[in-house]
Amino acid sequence: MMLGYPCIVIAALLPDIWFFAAATAVTYVTDWYLHQRGSYLVNRLGKVRAGLSIRFLLRQLTAVLLLARMGLAEEPLFFVAVACFLVFYGLQVPHGALTTLIRLRRTMPIVTRNVDLHAVRIPDAPPPSLLHRSAEKMLHLDIPAMAGVVVAAQTGRVGFGYAGAGLTLVLALAYNAALLPYVRRGRLAPPAPAVLNALDIWLREYRPTVVLYFSGSPESAYQGNMWLETMAAVEGRPLIVMRERNLVPQLADTSVPVVCVPAGTHLMNLDLSTVRVCLYPANVGKNIHMLRVPTMKHVFIGHGDSDKIASVNPFSKVYDEVWTAGRAGRDRYALADVGVPDENIVEVGRPQLAPIESWTGTTKNPVPTVLYAPTWEGWDDDPGNTSLLLAGENIVRGLLYADRPVRVIYKPHPFTGIRSARAKAVDSRIKAMIGRAAQERAADPRWMKEASTAAAGLRAAQSELAGLEARLDELVKPGRAGGDDAEESRVSLADPARQAELATLRAAWNETYWRTFGWWEHRTVTGVQPKLYDCFNESDAMVSDVSSVVSDFIASGKPYAVTDSAQLGAEEFKRQNTAVRAAVILSNGAEEMGELLDAVGDPAADPLAGPRRELKRYLLGPDEPTSMERFDAAVRALTERAEARNAGVAQRIGELATPGPAPDPEASSSGAGDEDAESAAAAAADPDALAPQTEAGTGRETQSVR
């Protein structure tokens, strides 16, 4: 990219037509490759005024320059080429206008899943071939003209140039013509008022009672995904409300209705009058748009339970209740003293932990598996945020080259490297270390023998996994392939049979995935699948940092280690961080790794087994009743509080709106009661003066009601 464009300018100035043709071909291929890869360089070029259109224009100008330097400036071919490029760029205007108009008028004010918007007609989206990377496709239509001009200049047969120019213009006109039908009213999304009205009709029919409200950055989708199964199992009629369109495709498949409402004004005008409990997995600014609704109770449930400072955010005091996993969360808020009273904290356990298998006391495979799951670097440079920076490579090295063979699974946090280039570099080096160790193990005679024995089974599992993935892809993307948000809102309706098959296939996928490689093979696991809890079940021990990952892993009862990256010292580290009190404490050099491996290999060498059981109860609550039962009980209790509050407000408003007896003039003559007398007189004269004021279509009281 950096060399190609200067080369075509030099080639045109020389002039050297073969050099020009080769350099031009390189720039076309490079441009295509970078866009296919979604390269960051493409975005950077646009920022420095070297965007896609400019790069294509430069190629065309150098073609004109080439003709001039070859002495063809007075020939018809020169004028045809200039005219072709001018007209071609003129056709970019209607093309850009059409694609922009179609996208804008195909954009509904909401995006939904599992919501029946039968009250409005949503037509099919245009074929993806027309709108996907449309600008790039349109610009590439200049290739026939460029090729024709170069061939004509080299051979002297101007017909090639005329034919190429004509083909470019015909294709550009055809592209514009193909877009025209999709700007007709019947091919566009229904207007915003109609869509919002249809959603309100559905809400009145469905009557949701419990809402999971989720907003965040593209990297935070996991925070909402971790609550999907809980929402599907909760008592009542659940609803998921989201705020960012780009998060909807990242939401895992669920049978729960999903409504994404990007505009705050639209959200505040939705009819959510039947909702009594709203759950918040993250503290974000857009929470205010839902927190303002007084007819429902608001609960912070978080997206993990740990000793991180985020687990006792002072913002939590805006909620009616804060739900924690166990007693540890309650004590954490008491120690932090951030304004959350003890009576507003409810211990509900962690319903998401149900899939985690308890340790049997023996390793799952002949070689123990240790999971390294560090958290990310955080928003500041606190050395205690993650072990990755100071200890990560030492930890992995200690596991890979332990005296007794160990299989390593490395699963970094999804946010790793988004803020710190150093963390990103360490992550890359660890992945490379694991890759090299896997190759060394594959070349070791002992493991080669194991691989030979297991080869047939591995191949069968890989074939089975491919079939499962193909079927999952079919089920996860219902409806016509390539549909936009509007079309997917129409076709993405819950199908119980489909949901059941998905659950079965995903369980089969997870079981099969671990059989596609040997139980001795090191592995780096990234992406959505397999899930972190699946890695827990596959592992015999874990190394991590102070984060909710540790609290969750404690549910398994397996040995674990936590790194004291800030070098507080073991005793102080345990005092400050509840979840590490039953852990092997690692220094940044990871010299203590042998203690963890001894505990995995021999239960008799595991002095922390008892403390782990006690800590599990303290952090996560009792095993009985189940966490889901406690969660449902908390929802019921808060629903009753919301109903009582709403009934009380209605009663008080009714009393204010009811005319009372005529005021006694003598009783009000003192002046102290003048204001009350005036209010009573006003109420008697106009009973509606103090009637409840509501927002149109919502049934919610506004701030005018005191």
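Because the structure is a prediction, the values reported are computed rather than measured. Atoms considered below: every heavy atom in the structure, side chains included; atoms not considered: hydrogens, waters and symmetry mates.
- For the atom pair Arg506 CZ and Glu501 CD, the distance stands at 11.0 Å (nearest 0.5 Å).
- Residue Trp376 holds its CH2 atom at 9.0 Å from OG1 of Thr416, rounded to the nearest 0.5 Å.
- Between the NE2 atom in His289 and the NE2 atom in His266 there is a gap of 12.5 Å [rounded to 0.5 Å].
- In summary, Arg69 and Asp16 do not engage in a salt bridge, as defined by a charged side-chain N under 4.0 Å from a carboxylate O.
- Using a 4.0 Å cut-off between charged side-chain N and carboxylate O, Arg103 and Asp484 make no salt bridge.
- Using modelled atom types and a 3.5 Å distance limit, the side chains of Tyr213 and Arg243 yield a donor-acceptor pair.
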Query raised in the report: So Arg106 and Tyr182, side-chain hydrogen bond (donor to acceptor under 3.5 Å, both in side chains) or not? Walk me through it.
Result: CA-CA 10 Å; Arg106 285 284 309 177; Tyr182 296 98; over 6 Å; no
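- Taking both residues in full, the closest heavy atoms of Phe214 and Ser220 are given as CZ-O, 3.1 Å, listed atom of the first, atom of the second, then distance.
- Between Thr27 and Arg55, the side chains place no donor N or O within less than 3.5 Å of an acceptor N or O (distance only, hydrogens not considered).
- The residues Asp485 and Arg490 are annotated as not salt-bridged, no charged nitrogen and carboxylate oxygen being separated by less than 4.0 angstrom.
- For the pair Arg245 and Glu488, the salt-bridge criterion is not met [side-chain N within less than 4.0 Å of a carboxylate O].
- Counting non-hydrogen atoms of other residues, nucleotides and ligands closer than 6.0 Å to CD of Glu469 gives a total above 12.
- Closest approach of Gly224 and Leu212 over heavy atoms only: O-CD2, 4.2 Å.
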**Report entry** Candidate pair Tyr319 and Asn287, rule side-chain hydrogen bond (donor to acceptor under 3.5 Å, both in side chains), full reasoning
**Finding:** CA-CA 10 Å; Tyr319 304 101; Asn287 286 7; 3.1 Å; yes
